[in-house]
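A note on names: the letters A, B, ... follow the listed sequences, proteins ahead of strands, and every chain is numbered from 1. Bear in mind that the values here come from a model prediction, so they are computed numbers and not experimental data.
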Amino acid sequence: MPLPVESNEKYAAYAHPERLVSTSWVAENLAAENLVVLESDEDILLYSTGHIPGAQKIDWHTELNDEVTRDYVDGEGFAKLLSSKGISRDTTVVIYGDKSNWWAAYALWVFTLFGHEDVRLMDGGRDKWIAEGRELTTDKPVVTPSDYPVVERQDEAIRAFLPEVLAHLGNPLIDVRSPEEYSGERTHMPAYPEEGALRGGHIPSAASVPWGKAAAEDGTFKSRSELEAIYLGEAGLKPGDDVVAYCRIGERSSHTWFVLKHLLGFETVRNYDGSWTEWGNAVGVPIVRGAEKGEVPAKKGVRA
Amino acid sequence: MSTVPSKLNEIVEEFIEVPEAERLELLLEFSRELPELPERLADHPELLEQVVECQSPLFLLVEVSTQAGNPVALFFSSPPEAPTTRGFASVLAAGLDGEDAATILAVPDDMPQQLGLTRALSPLRMRGMTAMLGRIKRQINEQLEQN
């Protein structure tokens, strides 16, 4: 049985309040049966410095990615991974992490590729838990392995590949990178190393909404009305729009995907995980440099 | 000539000898041992250079002595919430602090790759580590020219 949904005024305003829980909800439910709490961090050593009691680590780099192909694990790999963490198909999974849940949202998005039904984020993530002085431990959780079924990954609904993005041109795109990456001034994040894209800039017509805009000072998601002001107001999305979000490798855009899909209720939102490290290296695809969105070219690239 | 000085070499071997899964634990241990900045620097963060290639804040300062051999003192500063970055800074501090300038300049640029962490850490991280070593070498060269 999934755990009850947290109900409060802030979450009730979101399209899918069942996708979020607060730090206090987690603290109260830690001992609940059929709940597994996972920590997904950008700095993969952080978990070992202290984590929520009972929480297990999930490593975005070594566990969710295929080691050879640039892709996510397959159904068998996912089943093996989740079984080792004692997760069953009907387990309520709560994910939290560092940096305003950026990598936690990435893990949640991958869980969604496999249709895991009850997966939620802990609003505010690791930093909020610590800021509130809640308990941390370095004790390794005791896990009873489960038998997670092999479920085939379903990419179509929430994941876009390069040819699909080319075909999508003319429809709303959100570029969640920093303004400097968007303009092409730099092809990597401020304060982050060069990521190896041959061209700088953005996909024509993409609106620039850096992912962090969706997070408040304390790392929690902004309220629905604040989010609407950003995405419907500034970025010009309209309810019902078919949206593709991208960044550099698809992690930051998972955060925005979560916001659009679960908090604002856009039905069709896809994350383009190839993102700039693919688009900025692809031959013949259209690119716009500078701060302007730019026009979709009449000829939609060589492969369209 | 590229060679790894003995103190650093011992650390590299320490990493390679443990199973891959334990290497991150070892890096975490190093992160805890990163020496604090001396007071004269702790009060003057502007004296340190930021390694912008690192995914988390890291600041470093290199002091090349004018004594024979130009021994080098290394100083690092990085917050506790950045253990991976701290860990690698700590490896360099333990392995290279006090060595002669020429010895540090001879460390191969790809030394971070030798720690056996390339599977466990993302390429972005590895580049941050390489950049840390690169900036140390650059600061040494700049100071040698000034001396």
Side-chain angles (χ1 to χ4, degrees), chain A residues 39-51 57-68 70 84 97-100 102-103 106 125-131 136 138 140 177-178 180-181 186-197 219 247-252 275-277, chain B residues 15 18-34 48-60 78-91 109-110 112-113 115-135:
Chain A
E39 177 163 334
S40 173
D41 292 323
E42 191 268 331
D43 190 317
I44 57 162
L45 284 185
L46 264 182
Y47 171 85
S48 305
T49 67
H51 51 82
K57 172 183 174 178
I58 187 157
D59 188 319
W60 59 274
H61 177 58
T62 58
E63 294 185 321
L64 295 176
N65 284 297
D66 184 279
E67 206 177 324
V68 181
R70 182 173 173 188
S84 75
D98 60 352
K99 297 187 164 72
S100 308
W102 157 13
W103 297 91
Y106 187 38
R126 181 184 165 92
D127 288 347
K128 184 156 194 282
W129 181 273
I130 293 173
L136 290 176
T138 52
K140 284 204 168 123
R177 299 172 301 158
S178 63
E180 296 83 2
E181 293 171 281
R186 62 199 305 173
T187 54
H188 56 94
M189 301 169 63
Y192 277 59
E194 178 60 53
E195 186 83 25
C247 57
R248 177 177 54 100
I249 56 169
E251 12 66 289
R252 283 173 284 175
S275 278
W276 201 256
T277 52
Chain B
F15 270 91
V18 297
E20 202 169 15
E22 286 168 35
R23 286 178 199 155
L24 287 179
E25 291 298 314
L26 192 56
L27 192 64
L28 186 64
E29 276 174 39
F30 271 98
S31 80
R32 297 194 183 106
E33 291 160 9
L34 180 67
L48 282 78
E49 169 181 332
Q50 181 168 13
V51 181
V52 297
E53 293 87 350
C54 285
Q55 284 180 285
S56 304
L58 176 84
F59 298 86
L60 69 84
S78 184
E81 62 270 19
T84 303
T85 300
R86 281 180 69 89
F88 189 66
S90 178
V91 165
D109 291 339
D110 68 348
Q113 316 282 335
L115 294 171
L117 292 166
T118 48
R119 267 158 54 111
L121 298 180
S122 69
L124 207 58
R125 280 272 177 215
M126 295 307 302
R127 265 177 237 159
M129 292 189 178
T130 309
M132 227 185 270
L133 181 59
R135 281 170 183 259

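The OG atom of S122(B) sits 10.0 Å away from the CG atom of N65(A) when rounded to the nearest 0.5 Å. Here CZ of R86(B) is found 11.5 Å from CG of L45(A). Values are rounded to the nearest 0.5 Å. Here the OG1 atom belonging to T84(B) is positioned 5.5 Å from the CD1 atom belonging to I44(A), to the nearest 0.5 angstrom. Here the CG-CZ distance, from L124(B) to R248(A), works out to 5.0 Å after rounding to the nearest 0.5 Å.
When all heavy atoms of L46(A) and P80(B) are compared, the closest pair comes out as CD2-O, 4.5 Å. The minimum heavy-atom distance between D43(A) and A82(B), with the atom names listed, is OD2-C, 3.4 Å.
E42(A) has a carboxylate O that lies under 4.0 Å from a charged side-chain N of R125(B), or vice versa, which qualifies the two as a salt bridge.
Residues P123(B) and H61(A) have side chains in contact (heavy-atom distance under 4.5 Å, counting atoms from C-beta outward).
Every residue two or more places apart in sequence or in another chain that forms a side-chain contact (heavy atoms from CB on, under 4.5 Å) with T62(A) is listed here: D59(A).
Of the two parts of R32(B), only the side chain, counted from C-beta on, holds a non-hydrogen atom closer than 4.5 Å to a non-hydrogen atom of chain A.
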